[in-house]
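For reference, the structure is listed below as structure tokens.
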Amino acid sequence: NKAKKKKASATPKLSQPAIFIPVDRSPEIQEARLKLPVLAEEQVIMEAVRENPCVVICGETGSGKTTQVPQFLYEAGYASGIIGITEPRRVAAVSMSHRVAKEMNLSTRVVSYQIRYEGNVTDETKIKFMTDGVLLKEIQKDFLLQRYSVIIIDEAHERSVYTDILIGLLSRIVPLRNKKGMPMKLLVMSATLRVEDFTDNQKLFRTPPPVIKVDARQFPVTIHFNKRTPLEDYTGEAFHKTCKIHRMLPPGGILVFLTGQAEVHSLCRRLRKAFPFRKDEEADTSEAMRKFKKAKQKKTVSLPRIDLDNYSALPVDEGDEDREAGIGDEDDEGSDLDIGDDPGDAEEKADPSIPLYVLPLYSLLAPEQQAKVFRPSPPGTRLCVVATNVAETSLTIPGIKYVVDCGRVKKRFYDRVTGVSSFKVTWTSQASANQRAGRAGRTEPGHCYRLYSSAVFGDFSLFSEAEITRRPVEDLVLQMKDLNIDKVVNFPFPTPPSAEALVAAEQLLVSLGALKEPPRTGRVKEMEQARLSCPITPLGRAMASFPVAPRYAKMLALGKQQDCLPYVISVVAAMTVREIFVDLDRPAGSEDESSKLTQRRARLTQMRRLWAGQGASLLLGDLMVMLGAVGACEFAGCTPKFCEENGLRYKAMVEIRRLRGQLTNAVNAVCPEVGAFVDPKMAPPTEHQVVCLRQIVLAGLGDHLARRVQAEDILDPKWKNGYKTPLMDDPVFIHPTSALFKTLPEFVVYQEIMETTKMYMRGVSAVEAEWVPELLPQYCHFGPPLESPQPWFCSSSGTVRCHRSSTFFRVGWQLPAVEMEYPDGLERYKLFAKFVLEGQVCPKLKKHSSHLLSNPSIMLKTWARLQPRTEAVLGTLVSKRIDCRDALLSIWKTEDKCEELMSFLVSNHDVFSCIFLLQFCCLHTVSGSLNPCIKM
DNA sequence: CTCTCCCT
């Protein structure tokens with residue numbers, strides 16, 4: 001066949017014998033793939049791969065690179081090991097593996113996939129699609145990736161954090177493998193030509209890898225810019241533009257890009273009102289079809305028939321096309337066709353003669369709702385999808401001919417200092433806008449209407465920033481430390497995160513006990529270096545093996561206490577999965593919908609209250625609500641029906657279920673003796689367990705502690721019901737939907753702070769003040785030991801203990817005095833000496849204490865006022881570092897004769913001395929063992 | 001007393 005002939009005619013390099021692994025493709029597949037632009041570049045690509053360890057391939061969607069390049073490599077004999085391809089999304093990994101298996105006529109045992117919770121990889125697997133996070137985890141187990149012969153990083157232009165880190169790691173792994181005689185190839189595939197971050201980065205690749213450009217098979221998309229750019233009401237503008245397209249232009253789906261759920265729903269409502277197609281939007285399709293058929297019998301629907309594509313080949317001067325098509329905003333006055341510009345007129349009036357099938361699309365939308373956009377729209381209607389960014393990369397909608405682009409995105413912002421998150425709508429990038437436009441040319445030539453001027457477009461940044469520069473990096477730093485990359489600053493990031501972000505990450509990990517604390521003394525420069533190169537601790541290794549954020553990993557590490565593990569796992573899983581409750585706070589489209597929504601809202605509020613419980617369990621707050629929801633949902637079998645009835649997002653609950661399984665395995669792997677398992681009929685935690693859970697949560701969220709501002713301290717009314725946090729000057733609040741909104745506990749920990757109309761804490765849980773110095777000593781300052789209660793000897797630990805007052809770092813909140821070991825220093829030796837003489841350390845000595853020459857409390861006198869014999873006792877203890885029972889015992893054990901101690905005891909003719917002497921005699925002559933003497 | 005893009 002053609003493909004094989006083509007290969008046979010090529011002349012391979014003499015030095016490398018050509019190896020062709022035959023592939024038996026069906027004629028249809030063969031024909032289809034020959035149309036893909038990437039096939040024309042097969043020789044160029046394979047030659048570059050032969051001669052370079054790393055190669056960059058640029059080709060936009062439609063080039064076929066994702067499906068074909070792995071096949072080229074397989075056929076050229078590169079599957080001695082596995083050919084691994086990473087994707088940033090699960091769906092892509094799964095669907096690509098199925099497609100390539102089908103194209104190659106091979107079983108999924110050979111062309112397989114692996115994503116977070118599932119996979120079909122076998123011993124025979126030769127081509128493996130996986131999500132980027134999966135490969136990163138594999139590097140933890142085998143740094144050289146010895147089972148792979150090739151790694152392909154796909155969609156590298158998206159610059160997901162895992163992709164960036166993988167490229168950094170592979171830039172070192174590939175040369176290492178080649179040095180060890182186990183050659184490996186790296187291919188980086190990008191949809192845009194912005195690859196300088198990879199190619200012109202000396203830290204990454206010392207010799208820049210070759211870049212191969214591949215054309216994309218796309219239909220032409222004509223871009224129409226607005227003359228004016230509405231700064232406020234871009235949804236209104238989107239509405240008008242969509243109406244015009246629908247009224248005036250030939251058939252073809254419309255895809256509108258907006259920024260958020262609320263906007264999407266509001267535009268859907270307006271469009272449905274303007275072009276009603278059926279009354280009940282919620283009705284299922286079969287019913288809709290029946291209604292539609294009825295309607296169809298009454299009147300025939302006609303759409304305008306102007307062929308716009310006739311113009312698309314011409315060089316387009318802005319607005320020219322629009323003028324002819326009659327839909328532009330850029331035309332001179334009056335040249336618009338018969339559509340008025342007033343929002344209030346015809347557009348807003350219902351026009352059922354040209355029905356529009358309007359569908360919302362966003363990530364959190366239930367999958368069955370999402371699926372509607374892939375089905376053909378009812379006959380006689382035009383499809384109009386109002387979407388967020390999901391439609392830009394994740395989901396491709398068939399049959400789109402018109403794209404309306406508002407030019408904005410909603411992005412998450414993190415305040416680097418305070419950690420506060422917020423969502424802001426900003427201009428998108430040129431690359432993004434072009435990607436959106438491209439969605440109109442998948443099946444035929446299309447048009448993209450940009451609701452902003454070409455000048456504004458020119459001011460867009462060329463590309464969006466790499467994600468790694470826009471978010472906290474503690475999870476990434478922990479993963480890297482686990483790979484023994486201690487100096488994370490020196491890592492060859494394609495784009496490095498800010499130094500501040502790295503320092504913050506390292507500090508948090510030290511506070512959690514995942515990294516060793518850097519030395520506090522030494523030269524300033526060295527100390528600064530040390531702060532950015534703390535090595536990982538054993539706890540850190542365990543935490544790194546848990547696939548959740550470090551704060552949550554700490555909770556899992558503590559979870560085995562008091563039989564809390566199943567609860568900790570459930571809470572951590574629920575906190576990790578976003579939005580477990582459905583969003584019911586959207587305005588309703590009809591009265592019917594409105595009453596339904598009100599009903600569901602009421603039900604959800606009622607269930608949240610039920611799940612939060614009362615008394616002890618209520619104090620776990622929002623985390624108790626999550627735990628209750630997970631428990632109840634699992635008890636009911638995690639059915640879509642139960643979720644629907646109780647306001648839970650089914651997809652989220654399924655994710656939690658899988659995550660619970662994964663976390664349970666991870667905990668068992670680190671600590672097999674706990675024998676954790678997932679119990680579908682998990683009983684609610686006892687009151688005692690709830691207290692324990694709250695303490696575990698506090699230990700993980702220590703840097704997220706907030707304290708209520710007491711009524712008497714409020715000077716400014718803005719602080720009413722407000723909480724103070726260590727890092728912020730302004731108050732933060734408990735969200736009205738929180739279980740603790742009415743309780744307002746004095747101390748709370750929170751999952752995160754989100755700034756909306758106010759600074760709101762999410763995922764709030766109450767903690768007791770006395771736990772803070774106990775569980776978070778790393779965040780506390782301690783005062784001198786209190787005189788009352790007096791320091792005492794703790795016979796179970798064998799140490800001197802005391803109470804100390806404490807304050808929380810930075811803010812200096814007074815916390816309750818806490819019991820703890822007496823601080824290191826001379827005072828501790830004095831106290832220990834006193835307790836020895838009193839017979840508290842070794843009770844057998846007690847009967848002699850009344851015969852001592854001085855009262856044991858004399859040991860507490862200042863150094864200068866001690867008598868020589870007491871000074872000698874103290875001096876010996878200090879020189880031998882004996883300030884607790886264990887130290888005393890080990891000295892007795894190790895220093896055979898204890899000459900020093902003995903000599904002063906004898907010379908002092910003290911009764912006390914005799915006792916010691918007796919002890920020694922007893923030790924060495926009678927029993928020969930230490931234990932009988934000191935047993936309590 | 002409310003209102004959140006996307007991904008591991």
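None of these values were measured; they are calculated from a predicted model. Naming: A, B, ... by sequence-line order, numbering from 1 per chain.
Pairs of residues two or more places apart, or lying in two chains, never qualify as salt bridge (charged side-chain N to carboxylate O under 4.0 Å, His left out) while including a residue from residues 256-265 of chain A.
Between the A/Asp622 side chain and the A/Ala739 main chain, a donor and an acceptor come within less than 3.5 Å of each other.
Closest approach to the A/Lys758 side chain among B/dC1, B/dC3, B/dT8 is made by B/dC1 (side chain taken as heavy atoms from C-beta onward). Among the nucleotides B/dT8, B/dC3, B/dC5, the one closest to any side-chain atom of A/Arg90 is B/dT8.
Using a 4.0 Å heavy-atom cutoff across all strands shown, A/Ser394 reaches sugar-phosphate atoms only and no base atom. Across all strands shown, A/Glu158 has no heavy atoms under 4.0 Å from either base or sugar-phosphate atoms. Using a 4.0 Å heavy-atom distance criterion, A/Val409 is classed as making no nucleic acid contact. Across all strands shown, A/Phe733 has no heavy atoms under 4.0 Å from either base or sugar-phosphate atoms. Contacts of A/Thr393 with the nucleic acid, taken as non-hydrogen atoms under 4.0 Å apart, are absent.
Note on A/Ser363: a side-chain N or O is less than 4.0 Å away from OP1 or OP2 of B/dC7. Distances shown here put every side-chain N or O of A/Arg89 at or beyond 4.0 Å from the OP1 or OP2 atom of B/dC6.
A donor-acceptor pair shorter than 3.5 Å can be found between the side chains of A/Tyr552 and A/Gln751.
A heavy atom closer than 4.0 Å to some atom of DNA chain B occurs in no member of residues 471-481 of chain A.
Here A/Trp427 pairs with A/Phe460 under the ring-ring contact (aromatic ring centres under 6.0 Å, His included) rule; sequence neighbours left out.
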